[in-house]
There are 2 protein chains.
Amino acid sequence: MSTVGKAVSLLELFTLHEPEIGLSDLARRAGLDKATARRLLTALAAHRLIEQEPRSRRYRLGAGLSRLARIRDAHFPFVRLAAPVIRELSQETGETVHLSEFSAGALLTVHVALSAKANRVNVDVGQVLPLHGTASGIAFLAASRLEVASAYLEKPLQAFTAHTMTEPDTLAKAIAFAAASGYSRSSQGYEEGVHSIGAAILGADGQPIGTLSIASPVSRIDDHLAASQGEAATRAARLISARLTGEA
Amino acid sequence: MSTVGKAVSLLELFTLHEPEIGLSDLARRAGLDKATARRLLTALAAHRLIEQEPRSRRYRLGAGLSRLARIRDAHFPFVRLAAPVIRELSQETGETVHLSEFSAGALLTVHVALSAKANRVNVDVGQVLPLHGTASGIAFLAASRLEVASAYLEKPLQAFTAHTMTEPDTLAKAIAFAAASGYSRSSQGYEEGVHSIGAAILGADGQPIGTLSIASPVSRIDDHLAASQGEAATRAARLISARLTGEA
DNA sequence: CCAGTCGGTTCATTATTTGAACCAGTGTTT
DNA sequence: AAACACTGGTTCAAATAATGAACCGACTGG
């Protein structure tokens, strides 16, 4: 891996649950030598992408990231515009709703509104979702240009659970359903016990840039509820698309 | 410079005003070879810190930055908690107010609320402010431990304008004033024609973590107004500090 | 007081980065 | 339509920067 890749993989070790990590730990988890990790960390710190807590000497993500994210967000206000809609959809359905952005061939979860219920699906910001196997991914493929979707179907499809659609034909049918109805459905395709309804969010050029998804415990879902969630998801996704393109 | 440093400096070329840049341009401005720049960009893109617009092939900041910034923000909600206070302070005073975070020996501007007036001071998010020469910096030094402040006074002080305080004694007096009154004052110390009032924001351990600053055209300021701005700045900074430590 | 951590440093070895020269494509200008 | 000046992207020998085992000193808990 490139040196830059290693440095970024250090950044990616920090999570919501573990926002500060010590040097030895970082090196171990990244599979790097301590000396290497430290050199990378100081390089990142020089640009404020990493900070070191002076007392504990542990490392954490730096203010430079906030700065860069703000520049990006000003130009591409995906999360900012979508967040209130996501929150409302979560309240309306009582389920966890998450927002994903297409990036480098997969969907990156960038925002989550958790259900208030005790039995809920938990999704972490930062999770990378495959295009097959999740309702979000299927909705994305259904909204993509045909050549993109069929190119994706060519490649072998990894199974995540016993329910993952790995047959191109099965997946093509799910995509066709999503294209026709506006929303996609996936039951336990990525994680056992999780049912989700997805809908694509379109950019100004009509191409999909991300998705939203309502994730529920399978036990709570029947066909009728799925259809009503699908309608709500479609409405929310359209609203976000419209706001992105300045139409609302 | 380290490879990582070069890669990050590519990220730093993107600004609010220029959120998308082509390869040749990036290479030129970063002082890198085109081949090198491209290799770094693809490494960054693999981790979603950079995205490439498929149509124009231009590069822009990637979704991974939003993700990392959100992790940082959840742990260290400086901007999130301070932003509403900053906005209100700007409305109350009618002037531009900016929020800076201490990082790597300087203050990094992370949030700005611009004045509504035509004749106003413009500050960009991302600007790096020295600790001497700006009201923010002086307020920060005044709130720091004595050894930190005096260590800073040892080093030579760069002049930015004819008004920059470069004499350790002069600066020490300004720091003493700030320590006594709760706010600092700097007239044209960093940029001609700009007057500013600064106040430090303290973390849970009582150490300063950042500052806020009211920036006005000098023409608009007299001693009486400066004092009233100072009081408002102090109040706002205290409120943010309290919210950060969970006291409000 | 020993063993096992930690963060941090050194420097000979090694592997990665570098950049001039090269495509191919596009839009301008002559 | 030809010459031109850009663009993004690629190649590979040469040069440079990254690497990691071994080492500190400091701290912690048994």
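No experiment lies behind these values; they were computed from the predicted model shown. Below, read A as the first sequence line, B as the second, and so on, with proteins coming before strands; counting in each chain starts at 1.
- Contact check, Lys6(A) against dA18(D): no side-chain N or O comes under 4.0 Å of OP1 or OP2.
- Nearest to the side-chain atoms of Asp33(B) among the listed nucleotides dT17(C), dG8(C), dG19(C) stands dG19(C).
- For the pair Met1(B) CE and dT17(C) C1', the computed distance is 15 Å after rounding to whole Å.
- Between Arg58(A) atom CZ and dT5(C) atom P there is a gap of 17 Å when expressed in whole angstrom units.
- Cation-pi geometry between Arg72(B) and Phe14(A) is not satisfied (NZ or CZ under 6.0 Å from the ring centre, within 45° of the ring normal).
- One finds no salt bridge joining Arg67(B) and Glu101(A) here, because no Lys/Arg side-chain nitrogen approaches an Asp/Glu carboxylate oxygen to under 4.0 Å.
- The base of dG19(C) lies outside donor-acceptor range of the side chain of Lys34(B), with no N or O pair under 3.5 Å.
- Here dG8(D) presents its C1' atom at 16 Å from CG of Leu40(B), a figure rounded to the nearest Å.
- The listed nucleotides are dG8(C), dT9(C), dG9(D); the one nearest the side chain of Leu23(A) is dG8(C).
- Not one side-chain nitrogen or oxygen of Thr36(B) sits closer than 4.0 Å to the OP1 or OP2 atom of dT17(C).
- In this entry the distance linking CG of Asp25(A) with C1' of dG7(C) reads 12 Å, nearest Å.
- Residue Arg38(B) places at least one side-chain N or O under 4.0 Å from the OP1 or OP2 atom of dG9(D).
- The distance from atom CG of Leu41(B) to atom C1' of dT17(C) is 15 Å, rounded to the nearest whole Å.
- Dashed line: the shortest gap from a side-chain N or O of Tyr59(A) to OP1 or OP2 of dG8(C) is under 4.0 Å.
- Between dA20(C), dG9(D), dT19(D), one nucleotide has an atom nearer to the side chain of Thr3(A) than all others, and that is dT19(D).
- Between Ser2(B) and Arg57(A), the one whose closest nucleotide on DNA chain C sits nearer the 5' end is Arg57(A).
- Here Arg28(B) pairs with Asp25(B) in a salt bridge; the nearest charged N to carboxylate O distance falls below 4.0 Å.
- Counting any heavy atom pair closer than 4.0 Å across all strands shown, Arg28(B) reaches sugar-phosphate atoms only and no base atom.
- Taking the six-membered ring where tryptophan is involved, the planes of Phe160(B) and Tyr190(B) are perpendicular, since the angle between them exceeds 60° and thus also 30°.
- Summarising the geometry, the separation between CD on Glu20(B) and P on dG8(D) is reported as 12 Å, rounded to the nearest angstrom.
- At whole-Å resolution of the value, CG in Leu26(B) and P in dG8(D) are 8 Å apart.
- Salt-bridge check for Glu53(B) with Arg55(B): failed, with every basic side-chain N at 4.0 Å or more from each acidic carboxylate O.
- Spacing between atom CG of Leu32(A) and atom P of dA17(D) amounts to 20 Å, rounded to whole angstrom units.
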